[in-house]
Every structure is written in C-alpha cells, then in structure tokens.
Amino acid sequence: MPRYWLMKSEPDDFSIDDLERVGVEPWTGVRNYQARNFMREAMRPGDGVLFYHSNTKVPGIAGVAEVVGEAYPDPTQFDPASKYHDPKSRPDAPRWWLVDVRFVRRLRGVIPLERIRAEAERLGEIELLRKGSRLSVAPVSAAQWKHLLSLEPEAR
DNA sequence: GCCAACGTTGGC
DNA sequence: GCCAACGTTGGC
C-alpha cells in the first residue's frame, strides 16, 4: 500500500527544478529525529512525495517526487567539510539516515501554503498546518494527497 | 529582517 | 531530571 509524504526544501538551496535536473537526489541534511524516523522506518520505495518549497516568497507545493530504495546513513554527517557534519555521530552507529528521492513532475506553478490553509477544514488533521509545526518530513493521507494535488497551482 | 515556536544542549 | 540558554525553522 502506497504511502504519501510531504518534504520541505528551501528552493534557494534545492528546488524542484534542481531535482528535475539531477533526477535522483539523496535527501541529506535532515537533523530532526522525528523526520529521520519517518525516512528510516516508515518510507518505502515508491512512496509519493509532495515537494514543498519553504522559506521563500510564496511557500507551497511545487512538484511531485517519489521515494527510491530503502533508507541508509546520511554520508554528510561524517564529512567534516559539510555543513551537516555531526561530530557526535559514529560510523558504527550512524545517527542520521536518509532516502533517495526521484523527480516525478513539476507543477505548472506552486500550490501556495495560503491556498492549502484555506482548505484546512476539508483536509482535516495535517502536519503542515499544525500550529508551530516545523517538521520537514511529514506524512500525508491518501485523501489529503489527492485533495492537495487537485488544487490549482499559481504562477511562481 | 523579524520573531514565535520549537528542539537540543549542558550546567546544576 | 530540570530548565535556561541557545540555535534553527520558516512564515510573514
């Protein structure tokens, strides 16, 4: 049974266009245990991903991607030159895990957070809209996935 | 750029 | 084990 997720990325850092260009990208840099657990324990190959642009002029859903393969240790945690380096993590007991994400499609624009918020009532409980939530990897129900992708994207 | 909300760290 | 201080996230 397919599962669905929403994954945030700052487009200045890595956008849906970047994902289209590279095809498959290791989702490095997640340093939150809850998000890590979703990737390590719950994600399965083929799971759907809503690619969300955060910390940008019009935050919102910019595209669709999918999970590739099983989770494995995030190599950047062991790289002293990386901004994601974690000196407390040991190679024999990696602290941070990731999955690879593959480009599926770009939306014609962005489904703005503002638009999503307007659907709050019909969407029901959703992590993205939970007050104060900053989770960069969060589950989405099948109904929410369908609902969100039925919304009209706006020019970005 | 501001700042509220949140997670993590470390002294005690 | 508490909790103040700190750093980060991310909307606005």
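Just so you know, these numbers come straight off a predicted model, no measurement behind them. Quick note on labels: first sequence line is chain A, next is B, and so on, each numbered from 1. Quick note: numbers below take in every heavy atom, side chains included, and nothing from hydrogens, waters or symmetry partners.
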Could you check how far [atom1] of [X] sits from [atom2] of [N], rounded to whole Å?
X       : N       : atom1 : atom2 : value
L129(A) : dG10(C) : CG    : P     : 14 Å
K131(A) : dG11(C) : NZ    : C1'   : 12 Å
L135(A) : dG7(B)  : CG    : P     : 8 Å
E114(A) : dC12(C) : CD    : P     : 8 Å
E127(A) : dG11(C) : CD    : C1'   : 15 Å
D12(A)  : dG1(B)  : CG    : P     : 13 Å
R31(A)  : dC6(B)  : CZ    : C1'   : 18 Å
Y33(A)  : dT8(C)  : OH    : P     : 15 Å

Starting from the 5' end of DNA chain B, give me the residue, G132(A) or N55(A), whose nearest nucleotide shows up first.
N55(A)

Test of understanding: clusters of I, L, V, M, F, W, Y form through side-chain heavy atoms closer than 4.5 Å, transitively. Do L135(A) and V67(A) belong to the same one?
yes

Determine, for R117(A) against E114(A), whether the closest basic-nitrogen to carboxylate-oxygen distance falls under 4.0 angstrom.
no

Indicate yes or no: does R44(A) engage D47(A) in a salt bridge with an N to O separation below 4.0 Å.
no

Going by heavy atoms in the side chains, are Y52(A) and L113(A) under 4.5 Å from each other?
yes

Sugar-phosphate, base or nothing in reach of R130(A), heavy atoms under 4.0 Å:
nothing

Closer than 4.0 Å, any side-chain N/O of R134(A) to the OP1 or OP2 of dG7(C)?
no

For dT9(C), does either OP1 or OP2 sit under 4.0 Å from a side-chain N or O belonging to Y52(A)?
no

Residues in contact with DNA chain C, drawn from residues 78-99 of chain A - heavy-atom cutoff 4.0 Å
none

Describe, in one word, how the ring planes of F51(A) and W27(A) are oriented to each other, choosing from parallel (under 30°), tilted (30 to 60°) and perpendicular (over 60°).
perpendicular

Is it the case that the side chain of D18(A) and the backbone of S15(A) share a donor-acceptor pair, with hydrogens and angles ignored and the cut-off at 3.5 Å?
yes

Under the criterion side chain to side chain donor-acceptor pair (under 3.5 Å), I'd like the reasoning laid out for D79(A) against Y84(A): C-alpha separation, chi angles, the key distance, then a yes or no.
CA-CA 8 Å; D79(A) 177 5; Y84(A) 301 126; over 6 Å; no

